[in-house]
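Comments concern the structure below.
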There are 2 protein chains.
Amino acid sequence: MSTAEAVDADSVGSLHQRILSDISEKILSGAWAPGHRIPFEHELTTEYSCSRMTVNKALSQLAKAGLIERRRRSGSFVRQPQSQAAVLELHDIRIEVEALGLLYRYKRLERLKRRSNADDRALLGLSAAGSLLWVEGLHFAGERPFALEQRLINLSAVPEAGDEEFREIAAGPWLIGRVPWSEAEHRIRAMAADETIADALDIDPGAPCLVVERRTWSAEHPVTHVRFVYPAESHTLVARFTPSQG
Amino acid sequence: MSTAEAVDADSVGSLHQRILSDISEKILSGAWAPGHRIPFEHELTTEYSCSRMTVNKALSQLAKAGLIERRRRSGSFVRQPQSQAAVLELHDIRIEVEALGLLYRYKRLERLKRRSNADDRALLGLSAAGSLLWVEGLHFAGERPFALEQRLINLSAVPEAGDEEFREIAAGPWLIGRVPWSEAEHRIRAMAADETIADALDIDPGAPCLVVERRTWSAEHPVTHVRFVYPAESHTLVARFTPSQG
DNA sequence: ATGACAATTATGTATATACATATTGAAACG
DNA sequence: CGTTTCAATATGTATATACATAATTGTCAT
């Protein structure tokens, strides 16, 4: 553990997280196929030169996540693929709208440059404070509001975004052209529209909405957190995937 | 001295699982609203008369699951509904429920063998009529309904499913062990609960729900169509992926 | 052989302890 | 009055240790 690469939010950096990610990597990459026996705790103990408790915590977590199966006296094994990572195809909103044959338009509602607070850092997965850009905007399909976008951009990672107004062009396409992203995490949930959202989207308060949040990293650096709020009746996400991970 | 007379050996009888489920219960039931400060580790230590490590493990797990937020020096808090989330993965509901330290239970509501009608065929993607199985069931987290499942199984593709009752075991895990699937398509949307759903999930009619529908194929044959309905306020889907899809 | 039983082994859970680190709140300072 | 400094505090992570429990292996008597 000489070099602390990847010092980002989710807690890479601790030893047991490293053990965790090492093993996950081997499993997800297929290097350790289903049925493969994982080294015993005491073997990992010497490999990482740490205590059994640390190894145990990591393995227990993997078992809880369903990646491995543990049996007393026999050891731990890679589980048969039961839960697959979903690959979502989340298109550019413009493309979605135009696919419906409607006129796409984007309108910025708000733009604010400020220092990150604790909430921001939690959303972005940042450990230290820094400068960021907050942008809120509305995507239209024809005359109707199609989605509300609320976005945080980490200016430490993308300083040149600070000079952009994002008045007519959404931050998403702009970022895609400039920042090669390496990883993303989506959170998808349903929510009742509050006053603000209802007002922006021109729906009734309390109406069900689909919320998609995306965090994006580029080379271990958190780049942006964006939240899309869609009125429920107008939108269905479609994700298609195959089980062949590797 | 607190709570839980009828622990009845819960899913696990370990102490840290009990702490976990006690707290999950209080949060999910609303007894501890968002923002509520959870007792400090050392307070729980005396309440349960155990070591700090044990309490710490339970709280860390809750933080990982997204139910609470922990801050040094300030303590742990129930997360705001905004960024809240019981993390839910696409597949194994049991694993997600147990990650919250709650007892998982499945209960079949209805089971019906019949010939497919036009709607069924549309959902399954079948061209010709045939025999199918309709199963409706409820997934519980502790005492609380967690998700409603409505499923069609194509008996032409999986005839042996016709002999199963699916009374105590959900069809999902059963199918996974038997049918190697080659492709799946998800549709995700938000929806207001209608009378039937509200009744089954014990929520108010009109409350927002997250709906996940999945169609699965095995070697070109439609196998099953399943619809999961989750009460919105406590569940979030998480998907993580990298752009290098191949 | 075979079945019963003990020994071995790996994991499961819990303890006490230690030090690191982030945040708060108050005291000290310019 | 604002800023800096510092101690107190709660969590974060790791250690060594202990005993419990489940499953496999080896041994022995029948």
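Chain letters run A, B, ... following the sequence lines, proteins first, then strands; residues in each count from 1. We use all heavy atoms of the structure for the numbers below, so side chains are in, but hydrogens, waters and symmetry mates are not.
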**Study point:** Sugar-phosphate only, base, or nothing, as touched by Leu59(A) at under 4.0 Å among non-hydrogen atoms
**Key:** nothing
Practice item. Between dT11(C), dA16(C), dA10(D), spot the one nearest the side chain of Glu41(A), thanks. Key: dT11(C)
Review point. Does OP1 or OP2 of dT11(D) have a side-chain N or O of Ser76(B) closer than 4.0 Å?
Key: yes
Check your understanding: Which listed nucleotide (dA18(C), dG12(C), dA14(C)) is nearest to the side chain of Arg52(A)?
Key -> dG12(C)
Revision key, fill the gap. Shortest non-hydrogen pair, Leu133(B) vs Ala161(B), comes out as CD2-O, 3.6 Å
Exercise for review: Measure the spacing between CG of Leu148(A) and CD1 of Ile197(A) and express it to the nearest 0.5 Å.
Suggested key: 6.5 Å
Check your understanding: Mapping Arg71(A) and Met53(A) onto DNA chain C by nearest heavy atom, which one lands closer to the 5' end?
Key -> Arg71(A)
Check your understanding: Distance check: side-chain N/O of Ser14(A) vs OP1/OP2 of dG12(D), anything under 4.0 Å?
Key -> no
Check your understanding: Between Phe77(A) and Gly35(A), which heavy-atom pair has the shortest distance, and what is it?
Key -> CD2-O, 3.4 Å
Review point. Is the Lys NZ or Arg CZ of Arg94(B) less than 6.0 Å from the centre of Tyr106(B)'s six-membered ring, within 45° of the axis?
Key: no
What's touching nucleotides 5-8 of chain D from the protein side, N or O pairs under 3.5 Å?
residue, atom, partner, partner atom, Å
dA8(D), N3, Arg73(B), NH1, 3.0

Revision key, fill the gap. Walking DNA chain D from its 5' end, the first of Arg70(B) and Cys50(A) to be reached, judged by nearest nucleotide, is Arg70(B)
Check your understanding: If you take all heavy atoms of Ala193(A) and Cys209(A), which pair is closest and at what distance?
Key -> CB-SG, 3.8 Å
Point to revise | Out of dT13(D), dT24(C), dA14(C), whichever nucleotide has its closest atom nearest the side chain of Ser74(B) | key: dT24(C)
Review point. CD of Glu43(B) versus C1' of dA10(D): gap in Å, rounded?
Key: 11 Å
Check your understanding: Does a nitrogen or oxygen in the side chain of Arg72(A) sit under 4.0 Å from OP1 or OP2 of dT24(D)?
Key -> no
Check your understanding: Under the 3.5 angstrom rule, does the side chain of Glu43(B) hit a backbone N or O of Phe40(B) as a donor-acceptor pair?
Key -> yes
Check your understanding: Can a salt bridge be assigned to the pair Glu164(B) and Arg108(B) using a cut-off of 4.0 Å between side-chain N and carboxylate O?
Key -> no
Review point. OP1, OP2 of dA14(D) versus side-chain N and O of His16(A): anything below 4.0 Å?
Key: yes
Review point. Can you tell which of dG12(D), dA16(C), dA14(C) lies closest to the side chain of Ser60(B)?
Key: dG12(D)
